[in-house]
J.: 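Before I ask anything, let me first share the structure, which is written out below as structure tokens.
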Protein chains: 2
Amino acid sequence: MTPPSAVKPDISVTECAYRRVLEIISNKWTVLVIFALESGTNRYGEIRRRIADISQKMLTQTLRQLERDGFVKRNVHPSIPPAVEYELTPLGETLIPHMRQMKQWTTDYYSQVEQARRSYDEAHAPGQTK
Amino acid sequence: MTPPSAVKPDISVTECAYRRVLEIISNKWTVLVIFALESGTNRYGEIRRRIADISQKMLTQTLRQLERDGFVKRNVHPSIPPAVEYELTPLGETLIPHMRQMKQWTTDYYSQVEQARRSYDEAHAPGQTK
DNA sequence: CTGTATCCTATTCGATACTG
DNA sequence: CAGTATCGAATAGGATACAG
């Protein structure tokens with residue numbers, strides 16, 4: 001029916017699952033929290049110290065989402081005061097290689113981004129004479 | 001001064017560039033637009049059709065940011081009506097492998113995320129009897 | 001120590017209308 | 001065709017106070 005070489009596949013339809021995955025990581029803290037757990041089990045307070053500027057609300061919220069998505073396991077030790085440990089699940093571990101690669105990309109290429117921004121901003125400078 | 005094995009390195013400080021990179025891709029459309037350009041040069045309208053539910057505003061805004069960051073090259077053909085083509089730069093191309101890998105991850109593991117969510121939501125069901 | 005609850009702000013995004 | 005401008009809704013996120 002449709003012409004043979006008319007249009008390429010629609011990303012928004014065919015890659016629906018991919019988009020849902022992008023939604024998972026498209027926020028300020030998720031990737032950083034996963035990264036904070038790559039070295040093993042961590043207590044709530046330890047994670048918080050590692051990510052210095054995360055608020056209590058966002059850390060808890062991010063950990064809950066990661067738990068719900070099956071990336072993180074939450075272990076409560078019912079002591080007083082309570083101790084709660086978080087660790088990556090096997091599923092969560094599968095994300096680590098990708099994050100390491102993106103980190104490596106940053107090391108290799110981020111300076112080019114900074115350079116590109118400087119060039120762009122200079123070329124599109126607002127007042128110039130001002 | 002500080003105790004030797006006191007704390008692990010602070011992510012928010014030491015991985016500052018990494019965080020800036022995460023900020024680049026932490027939005028609804030950036031990755032999808034890059035992906036739409038992986039197959040080569042595309043005109044504005046073509047990209048828009050490939051990502052069916054993106055608004056004009058967000059497509060333009062995303063393309064401008066990608067251009068500023070050096071990932072995308074914008075080529076204007078001053079005809080009437082105007083034709084504008086977008087293509088990835090060499091720097092932009094370096095992102096494609098990572099995105100393909102994340103797409104492969106989606107294929108391999110996203111069903112586990114869905115399963116984890118079902119389990120979690122069932123275990124934390126609100127009313128149950130309701 | 002590990003959260004929850006509330007309020008408030010800032011940002012993101014979409015819809016709509018308009019332009020060269 | 002490829003934008004720009006404006007407005008408003010929705011969401012994300014931060015500060016603070018409080019609790020088991």
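To find a chain, count down the sequence lines: A is the first, B the second, and so on, and within it residues start at 1. What you are looking at is a predicted structure, and each value in this text was computed from that prediction instead of being measured.
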J.: I need the CG-P distance between A:L59 and C:dG3, as an integer number of Å.
T.: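 These atoms are roughly 8 Å apart.
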
J.: Please report the shortest heavy-atom distance between B:R100 and B:E38, naming the atom on each side.
T.: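 For B:R100 versus B:E38, the nearest heavy atoms are NH1-OE1, 2.5 Å.
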
J.: Determine, using the 4.5 Å side-chain heavy-atom cutoff (strictly less than), whether B:I80 and B:V76 are members of one ILVMFWY cluster.
T.: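 No; B:V76 is not reachable from B:I80 via cluster members.
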
J.: Classify the ring geometry between A:H124 and A:Y120 as parallel (under 30°), tilted (30 to 60°) or perpendicular (over 60°).
T.: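 Judged by the thresholds at 30° and 60°, the geometry between A:H124 and A:Y120 is parallel.
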
J.: When you measure from the side chain of A:Q112 to the backbone N and O of A:Y109, does any donor-acceptor pair fall under 3.5 Å?
T.: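 No: the side chain of A:Q112 does not pair with the backbone of A:Y109.
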
J.: Contacts to DNA chain D from residues 68-88 of chain B, heavy-atom cutoff under 4.0 Å, which residues?
T.: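 Here the set is B:R74, B:P81, B:P82, B:A83, B:V84, B:Y86.
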
J.: Measure from the side-chain N and O atoms of A:D121 to the backbone N and O of A:S119, and report whether any donor-acceptor pair falls under 3.5 Å.
T.: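 No; judged by distance alone, with no hydrogens or angles, the pair does not exist.
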
J.: For every nucleotide of nucleotides 12-19 of chain D, 5' to 3': is a protein heavy atom under 4.0 Å from its base (B), only from its sugar-phosphate (S), or from neither (-)?
T.: -BBB-B--

J.: Exactly one of A:T106, A:L32, A:V31 should register a side-chain contact (heavy atoms from CB on, under 4.5 Å) with B:R19. Which one does?
T.: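 Running side-chain contact (heavy atoms from CB on, under 4.5 Å) over A:T106, A:L32, A:V31 with B:R19 returns exactly one hit, A:L32.
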
J.: Are A:Q65 and A:D69 linked by a side-chain donor-acceptor pair shorter than 3.5 Å?
T.: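 Checked: A:Q65/A:D69 side chains show no N/O donor-acceptor pair below 3.5 Å.
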
J.: Looking only at non-hydrogen atoms, find the nearest pair between A:E46 and A:T41 and report the distance.
T.: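 It is OE1-O, 4.4 Å.
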
J.: What are the two closest heavy atoms between B:N27 and B:T30, and how far apart are they?
T.: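 Smallest heavy-atom distance, with atoms named: ND2-OG1, 2.6 Å.
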
J.: Starting at atom CG of A:N42, determine the distance to atom P of C:dT2, rounded to an integer number of angstrom.
T.: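 So the CG-P distance, A:N42 to C:dT2, works out to 11 Å.
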
J.: Do B:R64 and B:Q61 meet the criterion of a side-chain donor-acceptor pair at a distance under 3.5 Å?
T.: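 Per modelled atom types, B:R64 and B:Q61 side chains form no pair under 3.5 Å.
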
J.: Between B:T60 and B:R43, just flag the one whose closest nucleotide in DNA chain D comes earlier from the 5' side.
T.: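 It is B:R43 whose nearest nucleotide is closer to the 5' end.
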
J.: Looking at A:R64, does any N or O in its side chain come under 4.0 Å of the phosphate oxygens OP1/OP2 on C:dG3?
T.: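 Yes, within the criterion.
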
J.: Considering non-hydrogen atoms only, spot the tightest contact between B:A36 and B:I47 and give its length.
T.: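 In terms of heavy atoms, the two residues are closest at CB-CG2, 4.3 Å.
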
J.: Using C1' atoms of five pairs at each end, report the bend of the helix from C:dC1-D:dG20 to C:dG20-D:dC1 rounded to 10 degrees.
T.: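 About 50° separates the two local helix axes.
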
J.: What is the distance, to the nearest angstrom, from the CG atom on B:L63 to the C1' atom on D:dC1?
T.: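 Whole-Å distance recorded here is 14 Å.
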
